[in-house]
Amino acid sequence: MADAHIPDKPALEGLEQKWDAAWSAQGTYLFARARALATGRPGVFSVDTPPPTASGSLHIGHVFSYTHTDVKVRFERMRGKTVFYPMGWDDNGLPTERRVQNYYGVRCDTSLPFDPDFTPPFRGDAKSLKPADQVPISRRNFIALCEELTLEDEKQFEDLFRQLGLSVDWTQTYRTISDDTIRTSQLAFLRNLERGEAYQSMAPTLWDIDFRSAIAQAELEDRDQQASYHRVAFHKTDGSGDILIETTRPELLPACVALVANPDDERYQPYFGQTVRTPLFDVEVPVLAHPLAQKDKGTGIAMICTFGDVTDIIWWRELDLPNRTMLGKDGRVLPEAPDVIVTDAAKAAYAELAGKTVFSAKKRVVELLQESGELLEVSKPFTHPVKFYEKGDRPLEIVSTRQWYLRNGARDPQLRETLIEMGRGMGWHPDFMRVRYENWTNGLTGDWLVSRQRFFGVPIPVWYALDENGERDYDRVLTPDPARLPVDPTTDAPDGYTEDQRGVPGGFEGEKDIFDTWATSSLTPQLAGGWQRDEELWNLVAPFDLRPQGQDIIRTWLFSTMVRSVLEDHRAPWTDAAISGFIVDPDRKKMSKSKGNVVTPADILDAHGTDAVRYWAASSRLGADAAFDPQNPTQVKIGRRLAIKLLNAAKFVLSFPVPEGAEVTHALDASMLAALDRVVRDATKAFDAYDHARALEVTEAFFWTFCDDYLELVKERAYDRTDAGQASAALALRTALSTLVRLFAPVLAFAAEETWSWFNEGSVHTATWPEQLGIDGDPAVLSAVGEALIGIRRAKTEAKVSQKTTVASITIASPRADALRLAEGDLRAVGRIEQLEIIDGETTAVVAITLSPQED
């Protein structure tokens, strides 16, 4: 085609809008189902794309990790694969609800009726409102606001991802709260339930008192909190003295069920099997042995309360102890004392705690212990790790609740081993991330808690039959016919019942809980791939080729998806997992909203251009943390310079028309193309191995050699139509440009598309990935001439003359003198050399130089 539309001054500005519109209009990235059907599953490259949480704004970490995926996807598309690259939006979950509360100034009250005319008091930042000042609204009104706000977020996210140049098929999107998603999530759960993999249990539960919801093990994080040890006297039942314990949770004394020491601790062996009485509350509790008790911690003996921490749960379960719950779901002391508190004094002490927060209860218990003389000492404050919900603000409490669980291998050695073996059968990039997956799987202490006491999410599709007293019969769980899905048990009646039987004896009651967000997100392959909805699509894309994600959610998203796939299909959900590192600030601290050091990407993209930011992201290997300094984004600036150079180099190369019938005949041209063949080989190998950084590195290094050395060396010959080597130079230049543009295309998506459009039809992103040309050339020629050219330039610089100064004579020594002589003409032209002598030498060096007299 004619090179007729090259701009006079190529620029990066405006390329994002220009080419995003063109790609959309041309359907460049659409999944070609007919083509996929023709090739079958082996011809498809499918991606289980992470659905970002639609609860706020994207950050620079999203740009980083999603670029890694896009670079690999673009490579596979150019290799001839039919790419299935969908996008999902993670709408449901606790963060969305909190954002809605803070945005609209509302809170959900399930006792209120739906108000069709409700208007929220705020549409903006209501974060400063206290919870008590938030307007209570019905569950249905609250969900409507969740829907409204997440749709706004999703539109902004899509706009940013388009600006970033993600080659997503935007017709293949899903939301984790749509009817199709709810149906898929509910159907998968019902199949788990039918196979005995889902079950319900009354058990101690980690509980966030702000979110008012159970929290799964995978969502925990330790945070250092200040505490003090309180040395407290328990009284031996036989009246022979006291046993002293040290505790950071004296407020839990009413819930004490035993003392425990290590079985090897000789100090307490005489007391095992005996009893003591608790201070203040005068309850008789046993002294027991358990290997988890630490001899060197405190006094070596601890009180077991129901429940202070996760170790209490283990002791309670393994020692078969009673449950004396004293904290409610709001984190306050329950009004009714445990039934073992019977004396008037004990009841009076408990009455002073009832209704108090944990903090206030601790303060009052300490005062009462001081008054009774049973508090012997309070240590200096120290810090220790305390369990938090990863998105919560206050320490978790442990309350006993009835919850739904999915089996995950924690109590099933065979399932656990299967999950580990499936992980070992995958490709991990980098490989060491597999160890994190195995460590998590082997370290599980309980099955997966999948129910949440919230409002916006996928309803758990069950009802409970009520007995003659109107109480739930948990042995009669009612489930819907799959054809009815999706269902909401709070508004739909089960099969065989009518709505007027809701809540009455002999009738039914709907489950109010929803699924944990990971219980739905664990099904992203099924959601995107049409499982049980579009079997033709599912068979084309599953198991997926790639799961890209962050390292911090291996324990949640990756593991939970593996669990669902193994339980349903007895296979891993993907062949490969690509794990991105973290973005850190200039002080090497991980960027996070909680630390206040997050950088939003829009300004960076606008200021430097998308290709520059994509270059920065692609320069980092998978699994490696990358530093980002928004005040001095060095790598971004390098990327911008590279993208601009590609545009300008292309314009220059395309200024040399290629004569019809041209062939590569010159040794320097053949040398350059042979060196480029090596780049194609190495870059392809790197991309195949998920090493995009290496692919970019070798391509960029050659490109600068091409621009700084080869272009300078051959331009005189390429301009001179009378030179026999002109056609060879023009063809070599055009061939190299075509190859380089395609090599850069996965990273410099916009600059590559722009330059490709100047001399080709169609998109570079659907063009064929470059193959090695196999030209018979010696790469040593180009490198030898490049070294000589550096010497010539240095000699002129040291002489303080212009590079355009003519050289009367020069002698150059080279260990590759024969190779250098093959390009003597080009070297003379670029160096403006009248007489050139090339001699053998151990290193390349200018031995002698005489400059021509300079005119004034």
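- A heavy-atom distance below 4.5 Å is not found between the side chains of Asp447 and Leu406.
- The two residues Ala214 and Gln453 come nearest to each other via the heavy atoms N-OE1, 2.9 Å.
- Around the CD atom of Glu336, the shell of radius 6.0 Å holds no more than 12 heavy atoms that belong to other residues, nucleotides or ligands.
- Scored by the side chain to side chain contact (heavy atoms under 4.5 Å, CB included) test, Ile314 finds Leu292, Glu318 as partners (sequence neighbours excluded).
- With 3.5 Å as the limit, one finds no donor-acceptor pair spanning the side chains of Glu377 and His230.
- Of all the heavy atoms in Val106 and Pro121, the pair that sits closest is CG1-CD, 3.8 Å.
- At distances below 3.5 Å, not a single donor-acceptor pair connects side-chain atoms of Thr357 with backbone N or O atoms of Arg332.
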Show, in sequence, the C-alpha distance, side-chain angles and deciding distance for Asp412 and Glu417, and conclude whether the side chain to side chain contact (heavy atoms under 4.5 Å, CB included) test is met.
CA-CA 9 Å; Asp412 183 343; Glu417 188 56 34; over 6 Å; no

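- Within the 4.5 Å cutoff, the side chain of His290 has no heavy atoms near those of the Asn262 side chain.
- In this structure a side-chain-to-backbone donor-acceptor pair under 3.5 Å is present from Asp467 to Glu471.
- Listed for the Arg394 side chain is no donor-acceptor partner under 3.5 Å among the backbone atoms of Phe388.
- Summarising the geometry of Arg416 relative to Gly409, their closest heavy-atom pair is NH1-O, 2.8 Å, with the distance given to 0.1 Å.
- A distance of 9.0 Å separates CD in Glu352 from CD in Glu367, rounded to the nearest 0.5 Å.
- Between Leu129 and Tyr104, the closest side-chain pair of non-hydrogen atoms is not below 4.5 Å.
- When the shell of 6.0 Å around CZ of Phe359 is examined, it contains 12 or fewer heavy atoms from other residues, nucleotides or ligands.
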Apply salt bridge (charged side-chain N to carboxylate O under 4.0 Å, His left out) to residues Arg452 and Glu511 and explain how you reach the verdict.
CA-CA 11 Å; Arg452 292 292 181 273; Glu511 175 63 83; over 6 Å; no

From CA spacing to verdict: side chain to side chain donor-acceptor pair (under 3.5 Å), Ser138, Asn141:
CA-CA 5 Å; Ser138 73; Asn141 285 121; 2.7 Å; yes

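- For the pair Thr306 and Asp312, the minimum side-chain heavy-atom distance is 4.5 Å or more.
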Chi angles and distances behind the side chain to side chain donor-acceptor pair (under 3.5 Å) call for Asn323, Ser400
CA-CA 8 Å; Asn323 187 343; Ser400 293; 2.6 Å; yes

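- In this structure, the side chain of Gln225 does not engage the main chain of Thr383 through any donor-acceptor pair within 3.5 Å.
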Before you tell me yes or no, could you show the steps for Arg212 and Asp330 under salt bridge (charged side-chain N to carboxylate O under 4.0 Å, His left out), namely the whole-Å CA-CA distance, both residues' side-chain angles and the distance that decides it to 0.1 Å?
CA-CA 7 Å; Arg212 299 288 181 92; Asp330 58 357; 5.1 Å; no

Apply side chain to side chain contact (heavy atoms under 4.5 Å, CB included) to the pair Ile398 and Trp207, showing each step before the final yes or no.
CA-CA 6 Å; Ile398 299 175; Trp207 189 267; over 6 Å; no

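- The backbone N or O of Ile553 lies less than 3.5 Å from a partner atom in the side chain of Gln549, making a donor-acceptor pair.
- Using a 4.5 Å cut-off on side-chain heavy atoms (C-beta onward), Pro250 and Lys362 make contact.
- Between Phe234 and Thr278 there is a side-chain heavy-atom pair separated by less than 4.5 Å.
- Closest non-hydrogen pair, Val333 versus Leu353, comes out as CB-O, 3.3 Å.
- The aromatic rings of Phe559 and Tyr437 are tilted relative to each other, their planes meeting at an angle between 30° and 60°.
- Aromatic rings of Tyr103 and Phe122 (six-membered ring for Trp) have centroids beyond the 6.0 Å cut-off, not under it.
- Side-chain contact between Pro254 and Ile341 is present, with heavy atoms from C-beta onward closer than 4.5 Å.
- Here the two rings, on Phe189 and Trp404, have centers that are under 6.0 Å apart.
- For the pair Arg476 (side chain) and Ala465 (backbone), a donor-acceptor distance under 3.5 Å is absent.
- Salt bridge absent: Glu284 and Lys236 never bring a charged side-chain N and a carboxylate O closer than 4.0 Å.
- A salt bridge is absent between Arg407 and Glu197: the closest approach of a Lys/Arg side-chain nitrogen to an acidic carboxylate oxygen does not fall below 4.0 angstrom.
- Inter-residue side-chain proximity for Ser213 and Asp208 is flagged as unmet; no heavy-atom pair is nearer than 4.5 Å.
- To the nearest 0.5 Å, atom CG of residue Asp513 and atom CZ of residue Phe515 are 10.0 Å apart.
- Taking a cutoff of 4.0 Å between a charged side-chain nitrogen and a carboxylate oxygen, Arg249 and Asp309 do not qualify as a salt bridge.
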Given side chain to side chain donor-acceptor pair (under 3.5 Å), test Thr520 with Ser185 step by step and report yes or no.
CA-CA 6 Å; Thr520 298; Ser185 186; 3.2 Å; yes

Would you sort out whether Gln403 and Ser451 count as a side chain to side chain donor-acceptor pair (under 3.5 Å), showing the intermediate values?
CA-CA 6 Å; Gln403 303 286 345; Ser451 48; 2.5 Å; yes

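- Ring orientation note: the planes of Tyr268 and Tyr271 are tilted relative to one another, at an angle of 30° to 60°.
- The distance from the OG1 atom of Thr401 to the CG atom of Leu206 is 9.5 Å, given to the nearest 0.5 Å.
- Heavy atoms of other residues, nucleotides or ligands lying less than 6.0 angstrom from CZ of Phe272 number more than 12.
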Could you walk me through whether Arg436 and Glu438 satisfy the salt bridge (charged side-chain N to carboxylate O under 4.0 Å, His left out) test, starting with their C-alpha distance in whole Å, then the side-chain angles of each, then the deciding distance to 0.1 Å, before giving a yes or no?
CA-CA 5 Å; Arg436 300 190 183 187; Glu438 291 187 9; over 6 Å; no

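- Expressed to the nearest 0.5 Å, how far OG1 of Thr556 lies from CH2 of Trp440 amounts to 8.5 Å.
- In this structure a side-chain-to-backbone donor-acceptor pair under 3.5 Å is missing from Glu397 to Leu327.
- Interatomic distance, CD1 of Ile137 versus CD of Gln101, reported as 9.0 Å (0.5 Å rounding).
- One distance of note links NZ of Lys512 with CZ of Arg139; it measures 9.5 Å at 0.5 Å rounding.
- When all heavy atoms are compared, the tightest approach of Tyr350 to Pro335 is CE2-O, 3.9 Å.
- Heavy-atom neighbours of Asp222 CG from other residues, nucleotides or ligands within 6.0 Å: above the threshold of 12.
- The main-chain N or O of Phe456 is found under 3.5 Å from a side-chain atom of Glu97 such that the two form a donor-acceptor pair.
- One N or O on the side chain of Trp316 and one on the backbone of Leu321 form a donor-acceptor pair closer than 3.5 Å.
- Checking Thr237 against Thr275 by side-chain atom types alone, a donor-acceptor pair falls below 3.5 Å.
- Of the possible donor and acceptor atoms, none in the side chain of Asp265 sits under 3.5 Å from a partner among the backbone N and O of Ala261.
- By the 6.0 Å contact criterion, CZ on Arg140 is open, its count of non-hydrogen atoms from other residues, nucleotides or ligands being 12 or less.
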